[in-house]
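Hydrogens, waters and symmetry mates play no part in the numbers below; they use all other heavy atoms, side chains included.
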Amino acid sequence: MLNFNEDRFLRIQSGAVALAPRIDAEIGAAIAAGATNLYFLGTGGVAYLMEPAVQLLHRRSGFPTFKDYPAELILTGSANLTDKSIVVMPSLSGTTKESVAMLEKLKEVGARIITLVGHADTPLGLGGNPALVNFAEDDTSSESFYLQSLLVALSVMKARGEIDTYDALVAELQTVPAALVAAKKAFEPKAEDHARLIAGADYHMFTGAGNMWPEALYYATCILEEMQWIRTRPVHASDFFHGPLELIEPGVSLVLFRGEDAYDPLAERVAQFARQYTDRLTVISTADYCPQTLSPELRAMISPAVMATLMERLSAHLEVMRDHPLVTRRYYKRVAY
């Protein structure tokens, strides 16, 4: 596969899965001690990666779960954010400005802070209680964070007696790193063609439903806009028919991500409409690439990680095709803002 180190990838994703016992112990202890709610407080793209776990808890757990912007909470706080809150703060670098500032506010509040970071010797790596460290870099971080946040959600449900399959799912998760590699290999022959479609226009609409929506938003915003300077219009499939459909016409590129959760009918509705009005509909489905050996329950839960791992292959070809390395920036961490 183009510019891919399989051993490195497996090591990083296995490291994410290996955090299961520590995550479970921390979440279980916090809930047993009287925690009343859970906050996911990421900044930027990593916040999007927490959304499938938030959705899972909203749909299947009675434990109050929030996702908020640290930049806003620094200014106003929240009546729900207290010393009885569990706060999960993800940051690949461990140095994200807004998250570091939020860390100090959380200490004042007295919340239990769990940081998920890629680097230990950083403000968030040193400031978590605990700090859970799994080294990753941009091309491997999405899957790692998706898996870690899923483990958080599963542990919450386990602690509250809301799931009977925790042990089986965590055991099965041990096979997911290899399954992600298999998905990459299955997608690789098509990755260049998909990259050519993206490179062939300077504007794309991206959509998805359920736990596919965060990945559609992430890829459009954090990869194509930030790393490739390609303009995008991300829209949730539930909102597609309330405004964005009017932008569909011949020549308009619409990229639809499809997963394996209960919300795929919303994606199918978009597909049926778009096929009639644009000649540039691209549908990418995790079901076509995720190994069938995984259980249906786990396949649905890890669909965002599978899509992320497919999109990494697309990006690897896209940066070569456009002669635009993914690390190129004009403003991000280069100028004052």
Side-chain angles (χ1 to χ4, degrees), residues 1-2 4 45 48-49 51-52 139-140 142-143 146 176 179-201 203-225 227-228 230-238 240 244 248 252-275 277-292 294 299-322 326:
M1 289 187 281
L2 177 68
F4 179 66
Y48 305 156
L49 304 178
E51 289 189 16
D139 61 331
T140 54
S142 292
E143 300 95 325
Y146 276 136
V176 164
L180 294 176
V181 171
K184 284 180 183 291
K185 290 179 178 178
F187 184 70
E188 182 71 10
K190 298 182 179 181
E192 185 175 359
D193 290 339
H194 284 298
R196 189 170 291 110
L197 289 170
I198 298 297
Y203 170 76
H204 303 271
M205 297 179 69
F206 274 76
T207 190
N211 62 20
M212 282 293 92
W213 162 239
E215 180 57 25
L217 176 60
Y218 179 88
Y219 192 74
T221 303
C222 300
I223 307 300
L224 294 188
E225 290 186 343
M227 300 183 183
Q228 288 292 292
I230 294 174
R231 292 174 177 84
T232 70
R233 187 353 178 150
V235 57
H236 194 291
S238 294
F240 180 83
I248 298 297
V252 171
S253 172
L254 174 65
V255 181
L256 173 62
F257 286 175
R258 300 188 68 161
E260 298 188 62
D261 63 10
Y263 307 102
D264 190 56
L266 299 175
E268 175 59 24
R269 183 186 178 201
V270 172
Q272 289 182 4
F273 171 85
R275 288 190 187 103
Y277 300 106
T278 181
D279 55 344
R280 300 204 63 191
L281 171 64
T282 302
V283 180
I284 303 175
S285 175
T286 62
D288 293 334
Y289 305 102
C290 186
Q292 296 292 322
L294 297 177
R299 287 168 64 90
M301 289 180 177
I302 68 164
S303 288
V306 175
M307 186 62 74
T309 222
L310 302 182
M311 291 303 97
E312 183 276 326
R313 291 289 76 217
L314 191 159
S315 298
H317 288 271
L318 187 62
E319 68 172 345
V320 173
M321 191 176 296
R322 299 184 74 240
L326 294 167

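- Side-chain atoms of K190 and Y289, non-hydrogen and from C-beta on, do get closer than 4.5 Å to each other.
- Two residues are said to be in side-chain contact when any heavy atoms from C-beta on lie closer than 4.5 Å; I302 and L294 meet this criterion.
- Using a 4.0 Å cut-off between charged nitrogen and carboxylate oxygen, R196 and D193 count as a salt-bridge pair.
- To the nearest 0.5 Å, atoms OG1 (T278) and CZ (F273) are separated by 10.0 Å.
- Across every non-hydrogen atom of M311 and I284, the tightest pair is CE-CD1, 3.6 Å.
- Side-chain atoms of E188 never come within 3.5 Å of backbone atoms of M1 as a donor-acceptor pair (strictly under, hydrogens ignored).
- Under a cut-off of 6.0 angstrom, the local environment of CZ in R231 is sparse, with at most 12 non-hydrogen atoms contributed by other residues, nucleotides or ligands.
- Taking the salt bridge (Lys or Arg N to Asp or Glu O under 4.0 Å) definition, one finds that D139 meets it with R8, sequence neighbours left out.
- A distance of 12.5 Å separates CG in L266 from CZ in F240, rounded to the nearest 0.5 Å.
- R322 contributes a side-chain N or O that, together with a main-chain N or O of Q228, makes up a donor-acceptor pair within less than 3.5 Å.
- Defined by atom type and a distance below 3.5 Å, a donor-acceptor pair is present between the side-chain atoms of S315 and Y219.
- Taking 4.5 Å as the limit, every side-chain heavy atom of Y218 sits out of range of all side-chain heavy atoms of P234.
- Pairing each heavy atom of A195 with each of L314, the nearest pair is CB-O, 3.8 Å.
- From I198, atom CD1 reaches atom CG of L318 across 7.0 Å, with rounding to the nearest 0.5 Å.
- Between the side chain of R280 and the backbone N or O of L197 there is at least one donor-acceptor pair closer than 3.5 Å.
- With rounding to the nearest 0.5 Å, the separation of CD in E225 from NE2 in H204 is 11.0 Å.
- Atoms OG and CZ, from S253 and R233 in turn, are 14.0 Å apart once rounded to the nearest 0.5 Å.
- A308 approaches Y146 most closely through the heavy-atom pair CB-CE1, 3.9 Å.
- Using modelled atom types, one side-chain atom of T207 and one backbone atom of V235 make a donor-acceptor pair closer than 3.5 Å.
- Side-chain contact between I248 and L281: absent, with no pair of heavy atoms (C-beta onward) separated by less than 4.5 Å.
- Smallest separation of non-hydrogen atoms from L310 and F187: O-CE2, 3.2 Å.
- You'll find the side chain of V270 reaches within 4.5 Å of the side chain of L254, heavy atoms only.
- Among all heavy-atom pairs drawn from K185 and P189, the shortest one is O-CD, 3.4 Å.
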TODO: Apply side chain to side chain donor-acceptor pair (under 3.5 Å) to E260 and S303, showing your working.
DONE: CA-CA 6 Å; E260 298 188 62; S303 288; 4.6 Å; no
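- Side-chain N or O atoms of D261 include one that pairs as donor or acceptor with a backbone N or O of N211 at under 3.5 Å.
- No donor-acceptor pair under 3.5 Å is formed between the side chain of T286 and the backbone N or O of M307.
- Under a 3.5 Å cut-off, the side chain of R299 and the backbone N or O of P291 do form a donor-acceptor pair.
- The minimum heavy-atom distance between I223 and L326, with the atom names listed, is CG2-CD2, 4.4 Å.
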